[in-house]
Amino acid sequence: MEAHPLVLNRRGFALAELLLAAGLFAFVGACLLPGFSGLRSYYYKLQAQQAAQQMAGDIAALQQFCFYDAEGGSRLEMNTAKDGYRIYHGDELFCKREFAASSGLYFKQHLNALKFSQEGAPNATYNYIILCRYDGGISEWLQVQPVTGRVVFK
């Protein structure tokens with residue numbers, strides 16, 4: 001039996017079909033790219049806010065512990081790499097926090113150790129600024145106020 005001359009025995013895709021599919025995927029990708037960029041920025045902002053909230057809670061816990069610390073050795077120290085901090089209760093490491101490398105978060109400056117008196121007052125006013133390496137518009141600012149030790153977000 002002979003095949004009809006207009007019917008071809010096809011075993012794959014034609015070059016035109018492959019180019020059309022690739023073009024369609026490129027078009028859809030180009031349409032989704034601006035939305036993905038905004039989503040990524042939103043994700044970094046959420047991570048910065050979460051880190052600031054976590055730090056505020058850690059500072060409040062440190063202040064509470066200092067009421068019972070007769071030696072006055074409890075403190076919060078920043079990493080020299082400016083990507084995290086450690087909290088000590090006396091000479092014992094209580095907690096260590098580091099930003100995830102994927103978040104790109106870091107502290108703007110490296111500060112001396114934050115200490116509270118036994119009455120709960122900080123030894124100075126401290127400003128902690130958290131920035132994102134991947135998005136320059138993202139920043140979270142915490143201030144430990146003098147006398148009260150209250151943490152304020154600015």
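Side-chain atoms are counted along with the backbone in the values below, which use heavy atoms only and exclude waters and symmetry mates. Please read these numbers as outputs of a predicted model, since none were measured by experiment. Residues take their numbers from the sequence shown, with the count starting at 1.
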Mark yes or no for whether [X], through its side chain, and [Y], through its backbone, hold a donor-acceptor pair below 3.5 Å.
| X | Y | result |
| --- | --- | --- |
| Q63 | T148 | yes |
| Q109 | N127 | yes |
| Q143 | V152 | no |
| R97 | D83 | no |

query = Between Y128 and L114, does a side-chain contact (heavy atoms from CB on, under 4.5 Å) hold up when you go through it step by step?
reply = CA-CA 11 Å; Y128 295 99; L114 167 64; 3.4 Å; yes
Cluster overlap V151 with F107, hydrophobic side-chain contacts below 4.5 Å = yes
inquiry  = Hydrophobic cluster membership, with links at side-chain heavy-atom distances under 4.5 Å among I/L/V/M/F/W/Y: are I129 and V144 in one?
reply    = no
ask   = Centroid-to-centroid, F67 to F116, below 6.0 Å?
value = no
task = Rounded to the nearest 0.5 Å, what's the gap from OH on Y106 to CD1 on I130? Could you check?
result = 11.5 Å
request  = First locate atom CD of Q54, then atom SG of C95, and finally report the distance between them rounded to the nearest 0.5 Å.
outcome  = 7.5 Å
request  = Just jot down the ring pair (Phe, Tyr, Trp, His ring centres under 6.0 Å) partners of Y44, sequence neighbours excluded, or say none.
outcome  = Y134
key: Stepwise side-chain contact (heavy atoms from CB on, under 4.5 Å) test for N79 and R86   = CA-CA 7 Å; N79 294 354; R86 297 174 303 277; 2.6 Å; yes
